[in-house]
Amino acid sequence: MNRATALLKYSATRLALAPIMLWLISSMVFLLLRVAPGDPVDAVLGNRADALAREVMRAKLGLDQPLFNQYLNFLNGLIHGDLGESLNTQEPVSQIIVKALPASLELGLTAIIVALVIGFGVGFTGIARPEGKTDLAGRLYGIGTYALPPFWAAMLIQLFFAANLGWFPVGGRFPVTYLPPEGTGFLIIDSLLSGNFLALKDALMHLFLPAGTLGFLLSGIFSRSLRVNLEKTLKAGHIEAARCRGIKERKILLFHALPNSLLPVLTITGLTVASLIGGALLIEITFSWPGIALRLQEAISQRDYPIVQGIIVVISMLVVFIGVFVDLLIALIDPRVSY
């Protein structure tokens, strides 16, 4: 079997497994929410409603049906792209997610860019002068940023730069005094498309602290990963051969070692992007960032099950498909990967 055929078979297998994984995750979420404490009817009517009103609402929400029927209705809705309606507002869950997702994507992708720039800078500078002061500082930086509790670091940064110095807004995504430009939901893109540079400045000012905090906390992972992989690669046989040919150490580092060290970092980047979509909960709560993680936290506290189910399913879909994409990309560009 040649490489192209093997790669095609591997891709088909990975793509075929994705729906199965989504089904398992969705089923688990459905069951966990049903056995969790609390009654969704309380979220709608309150716990002082009389028995008749509660029964009527339970029938309206479909909660009077057997659990298996509820499960089949849930799966049928997923297959047809129907995530249900919010118990509190009766707004379609898909619309709620569409409104909140761009905010999380804008925050997460900006944070990844910040983390890659800082992480690569620290990791590469350290390995360029191994065992020196710069290398020691880079190692301490990696350990320190990884060990910092995100909520604690976020609150300190918010307190110092926003509350004390007043350089940036304390929270939110845009000033509440006027409406943001409409379009894609990504405020930076919408501001540029509309030519509203005042709105662009406001959007960037609000984005700076949450994205900078998240990027700062993640940069340690990238710096440590790059440094460890560069260190292993620099001991490989082809690097020794390049040194024997008289190639300068800086060229060896840039053009021989660095490309071979990026594949593990690519894997980490893909997984980090996927997890950031719904995993920046503490950052979104601290900075009142109206993203999907903050919406999920609100839905859980209100026992709004359709929103919780819908958000987790969408996050799972993104995580699964980004994971598949990264696997296929690595298999395509790295001939050492067997499949």
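Residue numbers run from 1 in the order of the sequence given.
- Sorted by first then second residue, the side-chain hydrogen bond (donor to acceptor under 3.5 Å, both in side chains) pairs that include residues 220-229, not counting sequence neighbours, are D135-R227, S225-N229, R227-E231.
- Within the structure, every pair that satisfies the ring pair (Phe, Tyr, Trp, His ring centres under 6.0 Å) test and touches residues 188-213, not counting sequence neighbours, is listed here: F168-F208.
- You'll find the side chain of S104 reaches within 4.5 Å of the side chain of E284, heavy atoms only.
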Please tabulate, one pair per line, all N/O donor-acceptor pairs under 3.5 Å involving side-chain atoms of residues 309-319, not counting sequence neighbours.
unit_1: Q309; atom_1: OE1; unit_2: R34; atom_2: NH1; d: 2.3
unit_1: S316; atom_1: OG; unit_2: I312; atom_2: O; d: 2.6

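- By the 4.5 Å heavy-atom criterion applied to side chains, F151 and I285 are not counted as neighbours.
- Counting heavy atoms of neighbouring residues, nucleotides and ligands inside a 6.0 Å radius, atom CD of Q90 exceeds 12 of them.
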| task | Show your working on salt bridge (Lys or Arg N to Asp or Glu O under 4.0 Å) between K235 and E240 and close with a plain yes or no. | result | CA-CA 7 Å; K235 295 176 182 175; E240 292 296 332; over 6 Å; no
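- Contact annotation: the side chain of W167 never approaches that of F160 to less than 4.5 Å [non-hydrogen atoms, C-beta and beyond].
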| Hey, mind stepping through K99 and E91 against salt bridge (Lys or Arg N to Asp or Glu O under 4.0 Å) and telling me if it holds? | CA-CA 12 Å; K99 288 179 184 175; E91 186 180 4; 2.7 Å; yes
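- Contact check for L83 versus P92: no side-chain heavy atoms found under the 4.5 Å cut-off.
- Under 3.5 Å, the side chains of N196 and S191 contain no donor-acceptor pair of N or O atoms.
- Ring to ring, F222 and F120 are not that close: their centroids are 6.0 angstrom or more apart.
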